[in-house]
Number of protein chains: 2
Amino acid sequence: MNVQVEASPGIESPKRTAILDAATDLFVEQGYGAVSMDAIARAANVSKATLYAHFASKDALFATIINEACRARMLPDDFAAGMALDPCGDVRPSLVALGRRLLGFLLEPRSLAIHRVVIAEGARFPELGRAFFENGPVKTCAALGAWLARQHEAGRLTIGDPLVAADHLIGMLKPGLFLRATLGIGDPPTQAEIDATVEHAVSAFLRAYGPGCVQGR
Amino acid sequence: MNVQVEASPGIESPKRTAILDAATDLFVEQGYGAVSMDAIARAANVSKATLYAHFASKDALFATIINEACRARMLPDDFAAGMALDPCGDVRPSLVALGRRLLGFLLEPRSLAIHRVVIAEGARFPELGRAFFENGPVKTCAALGAWLARQHEAGRLTIGDPLVAADHLIGMLKPGLFLRATLGIGDPPTQAEIDATVEHAVSAFLRAYGPGCVQGR
DNA sequence: GTCTATAGAAGGATAGAC
DNA sequence: GTCTATCCTTCTATAGAC
């Protein structure tokens, strides 16, 4: 099932926008299989025929939407903004701020929903998995790695391989809360839980990568 | 959609076993939506009526199977065995061995498939998410935490909170390879990649939690 | 472009014979 | 318990009028 993503999303029309908006919410919230074209048409106040006038098939509509969602919503702006700043003295406050932004973003309902959908339909739409991976984790890791490398230059951290270090920081931020939230178990994480997780992760990260750490063991 | 898991799986019958075997492979491999009762009946060499004689509905069959898969296949036996041994001198080789077993297990096709299915259908079957979480991550983390705590007692590591430390080790093992494999991007990880990831994770973990580390910063 | 109405296929579930 | 044959619903996709 090799469905091409809509090639020319250029033409704007009210109906088309309504379709995209409605379908995005439905698909992201409920997944591919659970959403019917009828439901999309109803939610968009459009007939099914109009739907098919704009999109060749359900597959094409889904692929277009999820692809766009991956591209548009992956890297939080204020995270990128944080990356632009270098700390004056101690790196710890910067790391805590970055960790809080990143974990908070990952735990947002919309982020979790996209993550779920991409994993769920990865077998049917391999190109979506790649779009998600390239626009999300890869970009985030690269940005964080570059920032870490700059701190190494400045003598504020001791980073061997920036990408590995970025993976380790992100990896220590995620467990517990993220998996629980992805599976929808228990109550949503509180800000206090997020803060505690970030504190633990940053502390461990600084012990492993702080100034004066010896990498070669 | 609150589907009860089969209450009495006690009675063994050849047909029933054939159904369970066939359906397990299909569901785990392709997910709930993509598998039809027709396909299951065909794969099990059984009529659809027989299917419904043994299981009340597709939902019930699915829930029974995934629940069982979560319970049976979660914690690798040789991982548990490794937990029983305490290292003689340096902990590093033990950590590397444990990390290799755990990461290798997580990357097995069957493990990845279960992980995908549980995340995909988590909204429709909340009890499956819980079954997976309790039998998989929670048990693994508890076992690893207990082992880490023992190493702390023996002065081989410096562990503040064992569960947090276990989360951090597992978190540093997973990124990169695990997400890529879950999304099915690129080639499956090679043993060399696995080994390198484990080495990096264990090195960072030992810098953060090795003997003589000061926790309170 | 947009609608109403419908064709055509697939899937979940069951009736009734053995 | 097991089978064959079938019902009924739902879904994707399209035909034809405006």
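Residue numbers begin at 1 in each chain, while the letters A, B, ... track the order of the sequences.
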Main chain of A44(A), side chain of K15(A): is a donor-acceptor contact present, judged purely on distance under 3.5 Å?
no
Would you please confirm or rule out a distance under 4.0 Å between OP1 or OP2 of dC3(C) and any side-chain N or O of S47(A)?
yes
Only counting residues at least two apart or in another chain, list the ones meeting salt bridge (charged side-chain N to carboxylate O under 4.0 Å, His left out) with R180(A).
E193(A)
Under 4.0 angstrom between T50(B) side-chain N/O and dC3(D) OP1 or OP2
yes
For D25(B), check side-chain contact (heavy atoms from CB on, under 4.5 Å) against everything at least two apart and list the hits.
R110(B)
Protein and nucleotides 11-14 of chain C: nitrogen or oxygen contacts under 3.5 angstrom:
{"unit_1": "dG12(C)", "atom_1": "OP1", "unit_2": "K58(B)", "atom_2": "NZ", "d": "2.7"}
{"unit_1": "dG12(C)", "atom_1": "OP2", "unit_2": "M37(B)", "atom_2": "N", "d": "2.6"}
{"unit_1": "dG12(C)", "atom_1": "N7", "unit_2": "K48(B)", "atom_2": "NZ", "d": "3.2"}
{"unit_1": "dA13(C)", "atom_1": "OP2", "unit_2": "Y52(B)", "atom_2": "OH", "d": "2.8"}
{"unit_1": "dA13(C)", "atom_1": "OP2", "unit_2": "K58(B)", "atom_2": "N", "d": "3.1"}
{"unit_1": "dA13(C)", "atom_1": "N6", "unit_2": "K48(B)", "atom_2": "NZ", "d": "2.5"}

Whole Å only: how far is the CG atom of N45(B) from the C1' atom of dT2(D)?
14 Å
Rounded interatomic separation in angstrom, taking CZ from R42(B) and C1' from dT4(D):
16 Å
For R124(A) and dT12(D), what is the distance between atoms CZ and P respectively, to the nearest whole Å?
11 Å
Mind checking what makes salt bridge (charged side-chain N to carboxylate O under 4.0 Å, His left out) contact with R130(B), not counting sequence neighbours?
none
What integer distance in Å separates R16(A):CZ from dG1(C):P?
10 Å
Side chain to side chain donor-acceptor pair (under 3.5 Å) filter on S94(A), not counting sequence neighbours, yields none
Counterpart residues, side-chain contact (heavy atoms from CB on, under 4.5 Å), relative to A43(B) (two or more places apart):
A22(B), L26(B)
